[in-house]
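Below is one structure, written out as structure tokens, with a few remarks after it.
Start at 1 with the first residue, then count along the sequence.
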Amino acid sequence: MEELTEAPVQRRNKITERIPWTGMTRVVIIGGGFAGIELVRKLSKQKVQIVMVDKHNHHTFIPLLYQVATAGLSPGDISSPLREFLQDHKNFHFRMAKVTQIHADEKKIETNLGFLKYDILVIASGATTNFFGNKQLEKNAFKLREMSDAIELRTKLIANFEEALQLDEAEDEALEKFMNIVIVGAGPTGVELAGAIGELQKHVLPKDYPEIDFTKMKIHLIEGADRVLPPMSDKSGQKAAKYLTHFGVNVQYGKLVEKYDGETAYLNDGTSIKTNCLIWAAGVKGNTIPGLREGAVERGRILVDKFNLVKGHEFIYAVGDVAMQVDEEYPKGLPQLAPVAIQQADLLGENLKRLFSKEPMKPFKYVDKGTMATVGRNRAVVDAPLNITFGGFFGWFVWMFVHLFSIIGLRRKFLVFLNWVWNYFTYNRGNRLIINKDLEDV
């Protein structure tokens with residue numbers, strides 16, 4: 001008698017539900033970051049069907065995540081629901097799903113909700129934190145790439161002082177790990193985070209916790225290079241270092257964190273720092289997706305040509321942080337910055353229009369409009385075009401204006417502006433909330 005076997009269960013292709021096949025060219029965009037949103041804007045008036053896929057249902061203005069983490073802004077101030085685009089674009093569809101694989105030969109992507117076919121695929125999946133293979137750091141360190149990271153870090157920062165209140169004066173050694181904050185990486189994120197925490201220490205926390213001596217609180221900024229802000233000019237780096245000393249930040253150059261067990265950070269020079277709050281801001285890598293042909297991915301980024309077409313593929317493009325576009329000026333690839341992503345998506349939108357009209361495409365050329373970083377109120381550094389560098393209050397004002405202008409939505413611009421004005425005159429950050437699950441209520 002033959003053994004009976006069960007027929008394989010056919011999974012329903014949930015992702016295609018309510019997405020009609022219209023006969024129009026289907027452009028699938030993976031990622032709702034700066035590049036993805038810009039591309040939707042450029043293609044919205046074309047006779048194409050746009051399907052955006054992202055594991056989150058919102059766009060986050062990542063440059064201001066550190067302000068959520070340090071209680072200056074609330075999550076809704078810098079996050080926009082991606083479905084807001086549905087209100088104005090008839091042929092736009094959004095699906096909250098995680099893309100697990102690309103099947104280039106079959107022109108489809110695989111997600112946790114099923115398979116989705118495309119005519120043109122654009123990978124705009126952004127970047128993720130790069131721990132350079134250190135699994136212990138990846139497990140124990142805090143990072144700052146998503147809104148959930150910012151909320152988790154804010155909760156930890158404030159909860160530390162609640163716990164410190166429970167220690168008596170004889171437990172100074174135990175107190176140390178609650179009062180030490182270690183930030184690894186002195187790029188813009190690390191510098192801005194150090195400045196924001198320094199402001200908390202100087203103006204906010206002593207009022208909230210008068211029982212604690214905040215002169216014992218130490219902010220350590222660890223940088224492997226010989227100065228802060230390595231991507232910016234020497235002059236900006238020197239100014240930023242001066243501003244950091246205003247907040248008493250202990251900047252350590254030429255050092256690396258090799259191990260971190262959740263309570264002690266061990267540096268490569270043999271020293272250690274007791275802390276239960278180590279924040280990793282030492283680098284990012286492209287959020288690549290399996291399935292691209294051999295040779296398409298290099299050093300954690302997707303290789304693209306001057307038209308952002310993925311190496312060895314047809315009909316697949318990559319833009320933003322995940323893409324590595326090399327030219328004479330940037331032999332290691334364009335910087336992983338929001339302006340690069342927006343400019344690439346803007347030109348790709350134009351080039352896809354030309355492709356539909358059978359016109360020649362235009363090559364991409366990055367226009368550097370400058371970089372900037374702020375170190376607390378009234379202090380910022382700006383590297384503008386033509387080698388112009390400035391800082392101080394004027395730099396801070398320029399930084400504030402550029403970031404405010406870049407936030408999506410008039411309501412959010414207004415909310416952020418009001419928060420900044422309130423914080424500026426009162427030194428009061430109203431988002432000092434501890435948000436975690438109460439295990440007793442589960």
For this session: If a pair satisfies ring-ring contact (aromatic ring centres under 6.0 Å, His included) and one of its residues is in residues 14-37, list it, with sequence neighbours excluded.
Result: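 Every pair satisfying ring-ring contact (aromatic ring centres under 6.0 Å, His included) with a residue in residues 14-37: F34-H59, F34-F61.
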Problem set entry | Residues R154, D149: salt bridge by 4.0 Å N-O rule |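 Salt bridge absent between R154 and D149.
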Exercise. Any Lys/Arg nitrogen of R41 or E38 sitting under 4.0 Å from an Asp/Glu carboxylate oxygen of the other?
Worked result: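 Looking at E38 together with R41, the answer is yes, because their closest N to O distance falls below 4.0 Å.
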Could you tell me the separation between the [atom1] atom of [X] and the [atom2] atom of [Y], rounded to the nearest 0.5 Å?
| X | Y | atom1 | atom2 | result |
| --- | --- | --- | --- | --- |
| E162 | F178 | CD | CZ | 11.5 Å |
| C277 | N180 | SG | CG | 10.0 Å |
| K143 | N130 | NZ | CG | 12.5 Å |

Within 45° of the ring axis of [Y] and under 6.0 Å from its six-membered ring centre, is that where the NZ or CZ of [X] lies?
| X | Y | answer |
| --- | --- | --- |
| K156 | F142 | no |
| K259 | Y266 | yes |
| K108 | Y118 | no |

For this session: Scan residues 51-76 for pairs that pass salt bridge (Lys or Arg N to Asp or Glu O under 4.0 Å), counting only residues two or more places apart or in two chains.
Result: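 Applying salt bridge (Lys or Arg N to Asp or Glu O under 4.0 Å) to every pair that reaches into residues 51-76, excluding sequence neighbours, yields K55-E146.
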For this session: Using the test side-chain contact (heavy atoms from CB on, under 4.5 Å), find all partners of T371 that sit at least two apart in sequence or belong to another chain.
Result: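 Testing T371 for side-chain contact (heavy atoms from CB on, under 4.5 Å), a comparison that skips the adjacent residues, returns M232, L337, D383.
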Problem set entry | salt bridge (charged side-chain N to carboxylate O under 4.0 Å, His left out) partners for R26, two or more places apart |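 With sequence neighbours excluded, R26 shows a salt bridge (charged side-chain N to carboxylate O under 4.0 Å, His left out) to no residue whatsoever.
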Problem set entry | Partners meeting ring-ring contact (aromatic ring centres under 6.0 Å, His included) with H58 (sequence neighbours left out) |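 Counting only residues at least two positions away or on another chain, H58 forms a ring-ring contact (aromatic ring centres under 6.0 Å, His included) with H56.
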Exercise. ring-ring contact (aromatic ring centres under 6.0 Å, His included) with Y424: which residues, sequence neighbours excluded?
Worked result: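 Applying ring-ring contact (aromatic ring centres under 6.0 Å, His included) to Y424 gives W396.
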Exercise. With a cut-off of 6.0 Å (strictly less than), are more than 12 heavy atoms of other residues, nucleotides or ligands near CE of M96?
Worked result: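 It does not: M96 CE has 12 such atoms or fewer within range.
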Exercise. More than 12 heavy atoms of other residues, nucleotides or ligands under 6.0 Å from CZ of F397: is that the case?
Worked result: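 Counting neighbours around CZ of F397, 12 or fewer heavy atoms of other residues, nucleotides or ligands fall under 6.0 Å, so no.
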Exercise. Going by atom types only, do K255 and Q252 share a side-chain donor-acceptor pair under 3.5 Å?
Worked result: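 K255 vs Q252: donor-acceptor pair found between side chains.
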Problem set entry | Distance-only side-chain donor-acceptor flag, D77 / N419, under 3.5 Å |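 Side chains of D77 and N419: pair found under 3.5 Å.
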For this session: For N276 and N160, run side-chain hydrogen bond (donor to acceptor under 3.5 Å, both in side chains): C-alpha distance rounded to whole Å, both residues' side-chain angles, the deciding distance at 0.1 Å, then the answer.
Result: CA-CA 8 Å; N276 64 4; N160 262 1; 2.9 Å; yes
For this session: Using the side chain to side chain contact (heavy atoms under 4.5 Å, CB included) rule, pick out the option among L221, V184, V182, I197 that qualifies with I279.
Result: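 Exactly one pass, corresponding to I197.
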For this session: For the pair E223 (side chain) and A186 (backbone), establish whether a donor and an acceptor sit closer than 3.5 Å, ignoring hydrogens and angles.
Result: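 Here the side-chain-to-backbone pair exists.
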Exercise. Between E110 and H103, is there a donor-acceptor pair closer than 3.5 Å when you use the side chain of the first and the backbone of the second?
Worked result: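 Not confirmed, E110 side chain does not pair with H103 backbone.
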